[in-house]
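Read through the structure below, which is laid out as structure tokens, and then see the notes.
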Amino acid sequence: MHRRLIAPGALAASLLLAIPASAADYSPGAPGIGDPYYPAYGNGGYDVSHYDLRLKYQPRTDELEGTATLLATTTQDLSRFDLDFLLDVSEVRVNGAKASFATSGQHELEVTPAKPLPKGTPITVVVRYSGVPSTKSAYGFSTWHRTPDGAVAADEPEAAWWWFPSNDHPLDKATYDVSVAVPDGTQAISNGTLQSTSSRLGWTRYNWRSNKPQATYLATLALGKFDITTSTSEGGVPVINAYSKDLGDNDGAARASVERTGEIVDWLSGYFGPYPFSSVGGYVPNTTTGYALETQTRVYYSPRQFANGSNTSVVVHELAHQWYGDDVSLKGWKDIWINEGFARYAQWLWSEHEGEGTTLELADYVYASHPADDAFWTVKPGDPGPDNQFDIAVYDRGALAVQALRNEVGDDAFFAILKGWPKDHAYGNASVGDFQKYAEQVSGKPLASLFDTWLFQPSKPGAPAAQGAAISAGSGKKGVPAQAPAQPKSWKKIAATDSVHSG
């Protein structure tokens, strides 16, 4: 509370007003950050700048103990605030003083500090906790995945609640230090760079640092027995990959794909600009899930991604997200097209690079493959709704929109947009509207109609609209019936990644 000097004559008149008015200025932070797709996700009233997580994990029992220290700043006069969290809390401190706490809703931890917090106050929040993450669920699901020798935290749009308290929305990005003690012989893998390891009394502690802003859903934790490989890409990016030691028949195909990470990230840098983080890599744990996820710097891959052989296309997709989704993150979950449309388009560019079908051939094939009455066209990639957030249309129709943009503005402007966008919005957040404005600025062309046609209309663009964007159903000469375009050679490989965000 701020003190103020009052002239003696005004004291009596002011005293009754001063105390109630100042007390009334403080209010609880909202239990959600304001995303219409997920109203309860994230929280209001503060902004986190850093997470320090000090953990201990026993793979045999799935017991996790932790102390999370959050550095944040209040964004309002705050009487109380929420954290998104599911495990059992034993103590919370705010700026060194014990705070009271309670749970509410499906995943809210309500924290009431000993004293109200004025707007703009730097705060240090310490949460001590423990629990068995695999026994916890919210909204009928869990994002904590047990493996034969440990566990993995990796999911979208939420995963943090099962292992650390957070402001769980991409709008509140922060840096991370993740320190994990596990029994000797088990490893702990997280984002960024391994700073150090130490062993004592049968336990080994791994200290990871992610030194660039990172969304909470992009924080990952893998606990188990891995074979870890390290290298440096030709472009100078440190590469750290890891493979569970019990991948069985999928082991060779996983390595043949993920070990090309350095090559692929250098290739993507030619399109998207310099790689934005301190390291890159991926890990393949022995999970039963079917998806991959662009966890920042350390991509999560399911073994099922490699069940039919090597799959560089999925590696391209997830590494493209390091620029489109991780470096520049969405403002709201409705902006998912910026993540998925461009990651899919990167696969199309890779197809062209490999000589297995050009981006235009792939666009024509996708357009022709879905008749006008296909539900595919009812999904609006620019605002698909929470039920369709990861629908195939967000990927394929989303990539069609990217190709339409390319054909409209020309290659010079298109590739300037592709490379300039991550630089212009580095480590921040942006919306579909922001991207349209940026594309208009770079190209010098009005693009509202094109964006509306390809991203927001719940119908298949008509032939004139399609042809105007140089995407058509492969129409032939005048008077000759249109022929469906041939399936590009890369199509089956690309389609095999359709489950990247489905269970």
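Nothing fancy with the numbering, it's 1 onward along the sequence.
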message = More than 12 heavy atoms of other residues, nucleotides or ligands under 6.0 Å from CG of Asp412: yes or no?
response = no
query = Closest approach of Ala40 and Asp84, non-hydrogen atoms and distance?
reply = O-OD1, 3.8 Å
task = Begin from the C-alpha positions of Asp35 and Tyr41 and carry the test side-chain contact (heavy atoms from CB on, under 4.5 Å) through to its verdict.
result = CA-CA 7 Å; Asp35 193 310; Tyr41 287 22; 5.9 Å; no
inquiry  = Whether the side chain of Ser443 engages the backbone of Ala413 through a donor-acceptor N/O pair (distance < 3.5 Å, no angle test) should be reported.
reply    = no
key: Test item: Ser49 side-chain N/O and Ala174 main-chain N/O as donor-acceptor pair under 3.5 Å   = no
request  = Could you tell me whether the side chain of Asp327 and the main chain of Tyr427 form a donor-acceptor pair under 3.5 Å?
outcome  = yes
message = Looking at Tyr46, is its backbone amide N or carbonyl O close enough to the side chain of Thr75 to form a donor-acceptor pair, meaning the two atoms are under 3.5 Å apart?
response = yes
request  = Would you check, one step at a time, whether the test side-chain contact (heavy atoms from CB on, under 4.5 Å) holds for Tyr301 with Asn311?
outcome  = CA-CA 11 Å; Tyr301 299 100; Asn311 187 345; over 6 Å; no
request  = Might you point out which heavy atoms bring Leu247 and Pro285 nearest each other, and give the distance in Å?
outcome  = CD2-O, 3.9 Å
ask   = Ala346 and Val316: which non-hydrogen atoms are nearest, and at how many Å?
value = O-CG1, 3.6 Å
request  = With sequence neighbours left out, write down each residue that passes ring-ring contact (aromatic ring centres under 6.0 Å, His included) with Trp267, or none if nothing qualifies.
outcome  = Tyr271, Trp350, His353
inquiry  = Cation-pi check for Tyr367 against Lys460: NZ or CZ below 6.0 Å from the six-membered ring centre and within 45 degrees of the axis, yes or no?
reply    = yes
key: Non-hydrogen side-chain atoms of Asn191 and Tyr176 separated by less than 4.5 Å   = no
Worked verdict on Leu360 versus Asn407 for side-chain contact (heavy atoms from CB on, under 4.5 Å) = CA-CA 9 Å; Leu360 189 55; Asn407 295 328; 3.9 Å; yes
query = Going by the angle between their ring planes, with limits at 30° and 60°, are Tyr345 and Phe414 parallel, tilted or perpendicular?
reply = perpendicular
Which atom of Leu447 lies closest to which atom of Ala439, heavy atoms considered = CD1-CB, 3.6 Å
remark   = Taken to the nearest 0.5 Å, the spacing of Thr143 OG1 from Glu156 CD works out to 11.5 Å
query = Got more than 12 heavy atoms from elsewhere within 6.0 Å of CZ, Arg260?
reply = yes
Side-chain donor or acceptor of Arg397 paired with backbone N/O of Val379 under 3.5 Å = yes
ask   = For Asn308, does the CG atom have more than 12 heavy-atom neighbours from other residues, nucleotides or ligands under 6.0 Å away?
value = no
ask   = About how many Å separate OG1 of Thr297 and CD1 of Ile240, when rounded to the nearest 0.5 Å?
value = 7.5 Å
inquiry  = Between Glu440 and Lys445, is there a side-chain heavy-atom distance shorter than 4.5 Å?
reply    = no
Plane angle bin for Tyr300 and Tyr291 - parallel if under 30°, tilted between 30 and 60°, otherwise perpendicular = tilted
request  = Indicate, with yes or no, if the rings of Tyr243 and Phe306 have centres closer together than 6.0 Å.
outcome  = no
message = Before you tell me yes or no, could you show the steps for Phe435 and His425 under ring pair (Phe, Tyr, Trp, His ring centres under 6.0 Å), namely the whole-Å CA-CA distance, both residues' side-chain angles and the distance that decides it to 0.1 Å?
response = CA-CA 10 Å; Phe435 185 86; His425 291 78; 8.8 Å; no
request  = Find out whether Trp454 and Val402 are in side-chain contact, i.e. whether some heavy atom of one side chain is under 4.5 Å from a heavy atom of the other.
outcome  = no
task = Find the distance between NZ (Lys380) and CG (Leu455) and round it off to the nearest 0.5 Å.
result = 11.5 Å
ask   = What is the distance from atom OG1 of Thr312 to atom CG of Leu319, rounded to the nearest 0.5 Å?
value = 10.5 Å
ask   = Which atom pair, heavy atoms only, marks the closest approach of Pro213 to Thr175?
value = N-CG2, 4.2 Å
request  = I would like to know whether Ser431 and Asp434 meet side-chain hydrogen bond (donor to acceptor under 3.5 Å, both in side chains); could you show each step before the answer?
outcome  = CA-CA 5 Å; Ser431 67; Asp434 294 329; 3.1 Å; yes
task = State, yes or no, whether a side-chain contact exists between Asp155 and Tyr217 at a heavy-atom distance under 4.5 Å.
result = no
ask   = Should Arg209 and Thr193 be marked as a side-chain contact (heavy atoms from CB on, under 4.5 Å) after you check the CA-CA gap, both sets of side-chain angles, and the distance that decides it?
value = CA-CA 5 Å; Arg209 171 165 292 174; Thr193 302; 5.5 Å; no
inquiry  = Could you walk me through whether His321 and Gln296 satisfy the side-chain hydrogen bond (donor to acceptor under 3.5 Å, both in side chains) test, starting with their C-alpha distance in whole Å, then the side-chain angles of each, then the deciding distance to 0.1 Å, before giving a yes or no?
reply    = CA-CA 9 Å; His321 275 310; Gln296 191 162 307; over 6 Å; no
Whether Ser351 side chain and Gln347 backbone form a donor-acceptor pair below 3.5 Å = no
Validation row: Leu221, Leu53 side chains within 4.5 angstrom (heavy atoms) = no
inquiry  = With a 3.5 Å distance limit and no angle check, can you tell me whether Ser279 reaches the backbone of Val239 through a side-chain donor-acceptor pair?
reply    = no
ask   = Partners of Tyr438 by ring-ring contact (aromatic ring centres under 6.0 Å, His included), sequence neighbours excluded?
value = Trp421
query = Are side-chain N/O atoms of Asp452 and Gln457 paired as donor and acceptor at under 3.5 Å?
reply = yes
note = The reported gap from CG in Leu171 to NZ in Lys331 (rounded to nearest 0.5 angstrom) is 8.5 Å
inquiry  = Could you check whether any side-chain N or O of Asn286 sits under 3.5 Å from a backbone N or O of Ser244, counting only pairs where one atom can act as donor and the other as acceptor?
reply    = no
query = Which heavy atom in Ala253 sits nearest to a heavy atom in Gly309, and how many Å separate them?
reply = CB-C, 3.4 Å
task = Answer yes or no: is there a donor N or O on one side and an acceptor on the other, between the side chain of Asp172 and the main chain of Asn167, under 3.5 Å?
result = no
Pair Asp77 + Lys119, salt bridge at N-O below 4.0 Å = no
query = Do Phe81 and Val125 have side chains that get closer than 4.5 Å, going by heavy atoms?
reply = yes
ask   = Within a strict 4.5 Å, meaning less than it, do heavy atoms of the Trp323 and Val265 side chains meet?
value = yes
Sidechain-backbone polar pair: Trp161 side chain, Ser142 backbone, donor-acceptor under 3.5 Å = no
message = Using 0.5 Å steps for rounding, measure from the CG atom of Asp168 to the CG atom of Asn43.
response = 8.5 Å
message = I need the full list of side-chain hydrogen bond (donor to acceptor under 3.5 Å, both in side chains) pairs touching residues 381-391, with sequence neighbours left out, sorted by first then second residue.
response = Tyr37-Asp383, Tyr38-Gln389
ask   = What about Trp162 and Phe85, are their ring centers closer than 6.0 Å?
value = no
query = Is there side-chain contact between Val280 and Ser233, with at least one heavy-atom pair below 4.5 Å?
reply = no
request  = With Asp498 as reference, evaluate Lys493, Lys492, Arg344 under the salt bridge (Lys or Arg N to Asp or Glu O under 4.0 Å) test and give the passing residue.
outcome  = Arg344
